[in-house]
Amino acid sequence: MAGTGRLTKEFFARDSLEVAPELLNLVLVGRGAAGRIVEAEAYGGELDAASHAYRGETRRNATMFGPPGHLYVYFTYGMHHCANVVCGEAGVARAVLVRALAPVSGLDAMRSRRGGGLADTELCSGPAKLCQALGIDGADDGADLVTGEAGLTLVDDGTPAPTGVFCGRRVGLSARVGAAALYPWRFAVPGDPNLSRRTPSGAR
DNA sequence: GGGGGGATTCGG
DNA sequence: CGAATCCCCCCG
């Protein structure tokens, strides 16, 4: 993980819980814009009641069961898209939800898609916000982030991994998922102004 | 064929 | 705090 540049299939082929904290400070490149991942959540497939894959493969979640390094995009609440990085070997449904980015480039493009007048820290401070900012929608479900053939890539620009990574409960899970709502599978750069939510002061 | 619920966001 | 606003999935 020390190298700079394109990531490998093998990097993503591990478990989501292992990959999720390592996504911090990698750069997600979208259409005319890019942002550094500062918040991400691991989802554990059939072992995780909060995962879309908990009850097996369906048409909606099929990408999660596919090969690693692809983007799983889902549509929710009738208006929003959210993006996950698919992890694990093909056939194993693991994913990491990208929850917030620190804008790196193309802020004008982000603003034109998100709406003018927004502060920099409002552009990508949420899973649906960052999809809108980067121009990601349902058509991007399945996009290969390693080859970048769909115009979306995840790269290592050499920025060192953050120190003192925050680890805490995932966001937005209903009580019906039970104990899974308590798993400390949310990772974030402590104190980053672009987070979807503030991290508690004493990070873990 | 129908109904319940959603890994969210924004405004009042 | 609740509406917006669709689609997917499961059950009958």
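What you are looking at is a predicted structure, and each value in this text was computed from that prediction instead of being measured.
E41(A) places a side-chain N or O within 3.5 Å of a backbone atom of V171(A) that can act as its donor or acceptor partner.
Checked against dT9(B), dA7(B), dG6(B), the side chain of Y74(A) finds its nearest nucleotide in dA7(B).
The aromatic ring of Y77(A) does not stack onto the base of dA4(C), failing the criterion of a centre distance under 5.5 Å from the six-membered base ring together with planes under 30° apart.
Checking R113(A) against Q132(A) by side-chain atom types alone, no donor-acceptor pair falls below 3.5 Å. Counted by atom type alone, T63(A) and D141(A) present one or more donor-acceptor pairs between their side chains at under 3.5 Å. A donor atom on one side chain and an acceptor atom on the other are not found under 3.5 Å apart for R6(A) and T153(A).
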Worksheet item: Step by step, would you call H52(A) with Y43(A) a side-chain hydrogen bond (donor to acceptor under 3.5 Å, both in side chains)?
Response: CA-CA 9 Å; H52(A) 291 166; Y43(A) 283 82; over 6 Å; no

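S196(A) comes within contact range of no nucleotide atom at all, as no heavy-atom separation falls under 4.0 Å. Among the atoms of the strands shown, only primed sugar atoms or phosphate atoms (P, OP1, OP2) are found under 4.0 Å from some heavy atom of R114(A). When heavy atoms are screened at a 4.0 angstrom cut-off, A128(A) is found touching the sugar-phosphate backbone but no base atom. The residue R170(A) sits apart from the nucleic acid: no heavy atom pair falls under 4.0 Å. As judged by a 4.0 angstrom heavy-atom cut-off over every strand, L97(A) is placed among the base-contacting residues.
Between the NE2 atom of H80(A) and the P atom of dC7(C) there is a distance of 14 Å, rounded to whole Å. Between the CZ atom of R99(A) and the P atom of dT9(B) there is a distance of 7 Å, rounded to whole Å. Atom C1' of nucleotide dG5(B) and atom OH of Y54(A) are separated by 17 Å, given to the nearest angstrom. Note: CZ (R59(A)) to P (dC10(C)) measures 11 Å, nearest angstrom. Atom NE2 in H52(A) sits roughly 12 Å away from atom C1' in dC9(C) (whole-Å rounding). Taking atom CG of N84(A) as the reference point, atom P of dT8(B) lies 11 Å away to the nearest angstrom. Rounded to whole angstrom, the span from the CD atom of E39(A) across to the P atom of dA7(B) amounts to 16 Å. For the pair L123(A) CG and dT9(B) C1', the interatomic distance rounds to 15 Å; values are reported in whole Å.
Here the shortest heavy-atom pairing between A33(A) and A133(A) reads CB-O, 4.4 Å.
Across all strands shown, dC6(C) forms a Watson-Crick or G-U wobble pair, both distances under 3.5 Å, with dG6(B).
Taking atom P in both dG2(B) and dT5(C), the straight-line distance is 23 Å, to the nearest Å.
Nucleotides of DNA chain B nearest to F75(A) and S125(A) differ in position, and the one nearer the 5' end is that of F75(A). Between A175(A) and K129(A), the residue anchored closer to the 5' end of DNA chain B is A175(A), taking for each the nucleotide with the nearest heavy atom.
Taking only side-chain nitrogens and oxygens, T58(A) comes nearer than 4.0 Å to OP1 or OP2 of dC9(C). Considering only side-chain N and O atoms, S174(A) lies under 4.0 angstrom from the phosphate OP1 or OP2 of dG6(B).
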